[in-house]
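Note that ligands are numbered from 1 as they come in the structure, with each ligand's atoms numbered from 1 the same way. Residue indices begin at 1 and follow the sequence shown.
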Amino acid sequence: MIGRLSGIVSQKAPSLRYRLSLMMKPQVVFVLGGPGAGKGTQCSRIVEHYDYTHLSAGDLLREEQAREGSEYGKLIAGCIKEGSIVPVHITIKLLWKAMEETMKKDERKFHFLIDGFPRNEDNLQGWNSTMDEKALVKFVLFFDCNREVCIERCLERGKSSGRTDDNRDSLEKRIKTYLKSTRPIIELYEKLGKVHSVDASLGVEEVFTKVKAIFDKEG
Ligand code: UDP
Ligand code: MG
């Protein structure tokens, strides 16, 4: 019997490294806040100091929109300009692909900052049903910034960003979506005791000092 099976079952014990990599569930920090709250800027700083990979849902969607032959290009472009939210299966597909590619290149890179997601109930439900088993959400980093500062920053960024949504018209819509759809998601995580808030209306360095205190503690 054993002799027969030995032909089809590998006799080689899997390496410790391989077994560990299977156990390494990706660990995720959701980074949320209004448009212009500084999510992208602060994520870049975090990556310089801590072993995290920054994945911006918005950037991934813009890349997908620009990809030749993308079946979602038009849909994404419309949502972005209107400040509405892309169906979650598209966003999750892009996020998971980016996570897998990162971990395939280096199995030690399993810490992710997911910037600008989940933005509404559809996003959260989609995440819970497809990603809950695959990844662990450590906490939500919330950049709390008032409307005036957010608008001013986005309009300033709009002078050079080339983004189709950094104009007053799109911004009004994005802020509406943020208040109506994203804030309740942050509140939900708050109830679970999973939110770390930072006053994001201060300068980049001051905000980062506070962010650092959180990552030094929570890693
Ligand atoms: N977006 C989306 N789902 C996401 C992230 C972004 O539909 O999970 C779309 C949405 O239309 C949003 C736009 O992409 O208004 C820009 O998002 P981004 O995160 O780049 O904007 P930011 O919050 O950084 O200003
Ligand atoms: Mg951003």
Side-chain angles (χ1 to χ4, degrees), residues 28-47 52-67 70 72-99 112-128 130-131 135 137 140-186 189 198 200-201 204 207 211:
V28 166
V29 173
F30 287 144
V31 182
L32 294 174
K39 303 181 292 291
T41 306
Q42 292 295 330
C43 283
S44 307
R45 300 298 311 270
I46 296 167
V47 166
Y52 273 84
T53 301
H54 173 207
L55 300 177
S56 157
D59 287 351
L60 289 170
L61 287 167
R62 278 184 283 275
E63 252 172 51
E64 175 63 21
Q65 181 215 312
R67 190 174 62 81
S70 165
Y72 305 125
K74 267 203 184 132
L75 171 69
I76 296 173
C79 286
I80 289 182
K81 189 136 190 290
E82 288 307 307
S84 59
I85 295 166
V86 174
V88 68
H89 72 274
I90 301 175
T91 316
I92 288 206
K93 203 162 140 185
L94 299 173
L95 283 169
W96 182 238
K97 185 165 163 257
M99 288 164 85
F112 296 93
L113 299 169
I114 298 194
D115 157 8
F117 180 95
R119 272 177 136 90
N120 65 358
E121 222 178 291
D122 174 57
N123 278 184
L124 185 62
Q125 272 173 9
W127 177 274
N128 285 341
T130 58
M131 295 297 293
V137 178
V140 173
L141 181 61
F142 170 38
F143 289 112
D144 194 2
C145 191
N146 66 58
R147 179 193 169 92
E148 286 66 38
V149 172
C150 282
I151 292 181
E152 203 179 300
R153 285 179 185 169
C154 285
L155 291 179
E156 190 56 37
R157 180 173 74 183
K159 290 179 188 165
S160 59
S161 69
R163 277 177 56 158
T164 57
D165 59 350
D166 280 342
N167 55 73
R168 208 168 264 284
D169 204 34
S170 294
L171 256 171
E172 290 293 342
K173 295 176 180 162
R174 288 161 68 194
I175 290 176
K176 260 199 195 133
T177 303
Y178 165 68
L179 293 174
K180 185 169 162 264
S181 306
T182 313
R183 282 302 310 232
I185 303 299
I186 299 168
Y189 276 108
V198 172
S201 60
V204 175
V207 175
V211 169

So which heavy atom in the protein is nearest [atom], and how far is it from that ligand atom?
| atom | value |
| --- | --- |
| atom 24 (O) of ligand 1 | K39 NZ, 3.7 Å |
| atom 7 (O) of ligand 1 | V86 N, 2.8 Å |
| atom 25 (O) of ligand 1 | R174 NH2, 2.6 Å |
| atom 14 (O) of ligand 1 | I80 CG1, 3.6 Å |

Residue set satisfying side chain to side chain donor-acceptor pair (under 3.5 Å) with D166, at least two apart, ordered chain then number -> R157, S161, R174

E121: side chain to side chain donor-acceptor pair (under 3.5 Å) partners, not counting sequence neighbours | none

E64 bridged to R67 by N-O distance under 4.0 Å | yes

Quick one: does ligand 1 sit under 4.0 Å from the side chain of [X], the backbone, both or neither, non-hydrogen atoms only?
| X | answer |
| --- | --- |
| R163 | side chain |
| L61 | side chain |
| T177 | neither |
| T91 | side chain |
| R153 | neither |

Heavy-atom nearest option to atom 12 (C) of ligand 1, drawn from R157, R62, R119 = R119

Out of G58, G83, S84, G38, the nearest non-hydrogen contact to atom 10 (C) of ligand 1 is supplied by S84

Determine whether S170 and R163 make a side-chain contact, defined as any pair of heavy atoms from C-beta on separated by less than 4.5 Å.
-> no

Would you check if Q65 and I80 make a side-chain contact, meaning some heavy-atom pair closer than 4.5 Å?
-> yes

Can you establish whether the number of heavy atoms outside K173 located under 6.0 Å from its atom NZ is more than 12?
-> yes

Can an N or O of D59 be found at a distance shorter than 3.5 Å from an N or O of ligand 1?
-> no

Show me which atoms of ligand 1 lie under 4.0 Å from any heavy atom of [X].
| X | value |
| --- | --- |
| G116 | 4 (C), 5 (C), 8 (O) |
| F117 | 8 (O) |
| A57 | 4 (C), 5 (C), 8 (O) |
| C79 | 11 (O) |
| P35 | 23 (O), 25 (O) |

Taken to the nearest 0.5 Å, the spacing of C43 SG from D59 CG works out to 10.0 Å

CG of N120 to OG1 of T182: how many Å apart, nearest 0.5 Å?
-> 7.0 Å

Non-hydrogen atoms of L95 and L55 that approach each other most closely | O-CD1, 4.1 Å

Is it true that a side-chain atom of S44 and a backbone atom of G40 form a donor plus acceptor pair closer than 3.5 Å?
-> yes

Spell out, as yes or no, whether a donor-acceptor pair under 3.5 Å connects the side chain of T177 to the backbone of G83.
-> yes

